[in-house]
Amino acid sequence: MKIRKDKDILRFSGIAVLLILAGILIMSFLSGPTYFGIGSVLIIMGAIVIIIAIIAAATPEEDMIQDERSVRVNEKAGYHAFWILLGTTALVQSIAMFWRLDLNYKSVSPDIFFVGMLSFVILRWYYNRREDIV
Amino acid sequence: MKIRTDKKILLTSGIGLGSVLLGVVMLVFQTQSKALFFIEFSLIFAGLFMSAMVVYAATKPKTELIADERVTRINEKAGYTAGWLVLLAVMILFWADKIWSLNLELEDMYWTTLFVGTYSWLILRWYYNRRGDVA
């Protein structure tokens with residue numbers, strides 16, 4: 001198995017190392033549960049980026065280029081997920097306003113994020129199954 | 001100028017007028033609720049907007065209203081990028097709220113997503129339209 005060491009791979013691994021380093025520094029020098037959370041997220045993100053970089057380095061460069069159909073599927077799914085995201089936010093806001101629910105940003109934003117990502121993944125799967133996508 | 005009166009036009013104008021009527025009826029019999037007032041106002045506004053759109057569409061020939069492949073592609077490309085921008089904005093605000101204890105309300109999220117989403121979509125649509133290489 002040949003491992004590539006081109007500019008993109010090195011840049012990607014550099015970002016990952018920086019993320020992990022920033023996470024360790026935040027956790028070491030700043031106290032409090034919030035900074036611990038931020039540090040942990042940065043370290044986890046760094047670890048994920050390193051794994052992606054290793055997988056990408058082991059794959060030939062030609063395999064990484066997306067074909068036209070995958071690009072279209074992504075765009076179509078992203079477009080509809082975007083409208084779903086806006087619709088969900090408007091719906092949640094209306095429900096909270098109508099029933100006088102005392103919701104704050106911190107409690108709702110992870111759910112909205114989850115809705116956006118999940119709808120994107122489901123729509124990608126759906127459009128990938130359909131055969132009439134260019 | 002020929003005005004089309006096909007099924008779609010009649011249906012959409014019916015929904016628009018119904019929406020305005022519902023909003024007005026609710027406004028007449030309303031209680032002192034702020035939320036209800038917002039709904040009435042939205043219904044009237046949406047109805048008027050829909051009616052204006054129907055009048056505009058009815059004056060155009062049917063063939064002119066079909067979006068060509070390039071326009072569809074531009075819309076989808078812009079929507080895809082705008083979707084990621086909205087998610088990024090939500091994430092940044094979430095962490096800013098956590099770090100600096102901004103005590104953001106749900107309404108702030110609504111305006112953030114609406115503002116970031118709509119404007120980035122419009123700007124990106126303009127940008128991709130200017131670029132010549134969109135298939």
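In what follows, every chain begins at residue 1, and chains take the letters A, B, ... in the order their sequences are listed.
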Engineer: Same cluster or not: are Val17(A) and Leu25(A) linked, directly or through other Ile, Leu, Val, Met, Phe, Trp or Tyr residues, by side-chain heavy atoms under 4.5 angstrom apart?
Structural biologist: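 In one cluster: no.
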
Engineer: Quick one: do Val121(A) and Val115(A) end up in the same hydrophobic cluster if we chain Ile, Leu, Val, Met, Phe, Trp and Tyr together by side-chain heavy atoms under 4.5 Å apart?
Structural biologist: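 No, separate clusters.
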
Engineer: Is it true that, when you exclude Arg130(A) itself, more than 12 heavy atoms of the residues, nucleotides or ligands shown sit nearer than 6.0 Å to its CZ?
Structural biologist: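 Buried by this count: over 12 neighbours within 6.0 Å.
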
Engineer: Side chain, backbone, both or neither: which part of Ile38(A) has a non-hydrogen atom closer than 4.5 Å to chain B?
Structural biologist: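 Both parts, backbone and side chain.
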
Engineer: Given a strict heavy-atom distance threshold of 4.5 Å, which part of Leu103(A) is in contact with chain B: side chain, backbone, both, or neither?
Structural biologist: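 Both parts, backbone and side chain.
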
Engineer: Would you kindly confirm whether Ile24(A) and Ile48(A) end up in one hydrophobic cluster when ILVMFWY residues are joined by side chain heavy atoms under 4.5 Å apart?
Structural biologist: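 No; tracing contacts between hydrophobic side chains, which count when under 4.5 Å, never links both residues.
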
Engineer: For chain A, find which of Asp108(B), Leu114(B), Ile99(B), Ile39(B) contributes the most heavy-atom pairs closer than 4.5 angstrom.
Structural biologist: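 Highest number of heavy-atom pairs under 4.5 Å: Ile99(B).
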
Engineer: Sort out for me which of Lys106(A), Gln93(A), His80(A), Lys76(A) touches chain B most, counting heavy-atom pairs under 4.5 Å.
Structural biologist: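 The option with the most such pairs is Gln93(A).
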
Engineer: Here's a test for you: under side-chain contact (heavy atoms from CB on, under 4.5 Å), which of Asn104(A), Thr89(A), Val108(A) qualifies with Leu106(B)?
Structural biologist: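 With Leu106(B) as partner, Asn104(A), Thr89(A), Val108(A) yield a single side-chain contact (heavy atoms from CB on, under 4.5 Å), made by Val108(A).
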
Engineer: Do Arg72(A) and Arg73(B) have side chains that get closer than 4.5 Å, going by heavy atoms?
Structural biologist: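 Answer yes - side chains close enough.
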
Engineer: Looking only at heavy atoms, what is the nearest atom pair of Leu85(A) and Gly83(B), with distance?
Structural biologist: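 So the two residues come closest at CD2-O, 4.3 Å.
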
Engineer: Grab the two heavy atoms, one from Tyr79(A) and one from Gly79(B), that are nearest each other, plus how far apart they are.
Structural biologist: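 Smallest interatomic distance, heavy atoms only, reads CD1-CA, 3.8 Å.
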
Engineer: Please round to the nearest 0.5 Å and tell me the distance separating atom OH of Tyr110(B) and atom CG of Leu86(A).
Structural biologist: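 If I round to the nearest 0.5 Å, the distance is 9.5 Å.
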
Engineer: With a sphere of 6.0 Å drawn around CH2 of Trp95(B), does it hold more than 12 non-hydrogen atoms of other residues, nucleotides or ligands?
Structural biologist: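 Count over threshold, so yes.
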
Engineer: For Phe82(A) and Trp121(B), take the angle between the two ring planes, folded into 0 to 90°, and tell me which bin it lands in: parallel under 30, tilted 30 to 60, perpendicular over 60.
Structural biologist: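 The arrangement is tilted - the two ring planes meet at 30° to 60°.
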
Engineer: Is Arg124(A) atom CZ crowded by more than 12 heavy atoms from other residues, nucleotides or ligands, each under 6.0 Å away?
Structural biologist: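 12 or below, so no.
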
Engineer: Is Glu105(B) close to Tyr105(A) at the side-chain level, that is, under 4.5 Å between some pair of heavy atoms?
Structural biologist: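 No, side chains not in contact.
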
Engineer: Should Ile55(A) and Ile15(A) be counted in the same cluster of Ile, Leu, Val, Met, Phe, Trp and Tyr side chains packed under 4.5 Å apart?
Structural biologist: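 Result: no, two separate clusters.
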
Engineer: Name the region of Val92(A), side chain, backbone, both or neither, that has any atom closer than 4.5 Å to a heavy atom of chain B.
Structural biologist: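 Both parts, backbone and side chain.
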
Engineer: Below 4.5 Å from any heavy atom of chain A, which atoms of Ala89(B) appear? Answer side chain, backbone, both or neither.
Structural biologist: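 For Ala89(B), the contact with chain A is made by the backbone alone.
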
Engineer: Quick one: closest heavy-atom pair of Phe94(B) and Pro110(A), and the distance?
Structural biologist: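 Here Phe94(B) and Pro110(A) meet closest at CE1-CG, 3.9 Å.
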
Engineer: If hydrophobic clusters are built by linking Ile, Leu, Val, Met, Phe, Trp and Tyr wherever their side-chain heavy atoms come under 4.5 Å apart, do Met45(A) and Phe12(A) end up in the same one?
Structural biologist: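 Looking at the clustering, Phe12(A) is in the same group as Met45(A).
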
Engineer: Of the backbone (N, CA, C, O) and the side chain (C-beta and beyond), which part of Asn75(B) lies under 4.5 Å from a heavy atom of chain A, both, or neither?
Structural biologist: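 When you check distances to chain A, atoms from both the backbone and side chain of Asn75(B) fall under 4.5 Å.
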
Engineer: What part of Ala90(A) is in contact with chain B, defined as an atom under 4.5 angstrom from a non-hydrogen atom: side chain, backbone, both or neither?
Structural biologist: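 Contact with chain B involves both backbone and side-chain atoms of Ala90(A).
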
Engineer: Heavy atoms only, distances under 4.5 angstrom: which of Leu102(B), Leu93(B), Val86(B) has the most pairs with chain A? Name it, please.
Structural biologist: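 Between Leu102(B), Leu93(B), Val86(B), the count favours Leu93(B).
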
Engineer: Would you please classify the geometry between the Phe120(A) ring and the Tyr80(B) ring as parallel, tilted or perpendicular, with 30° and 60° separating the classes?
Structural biologist: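 Tilted.
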
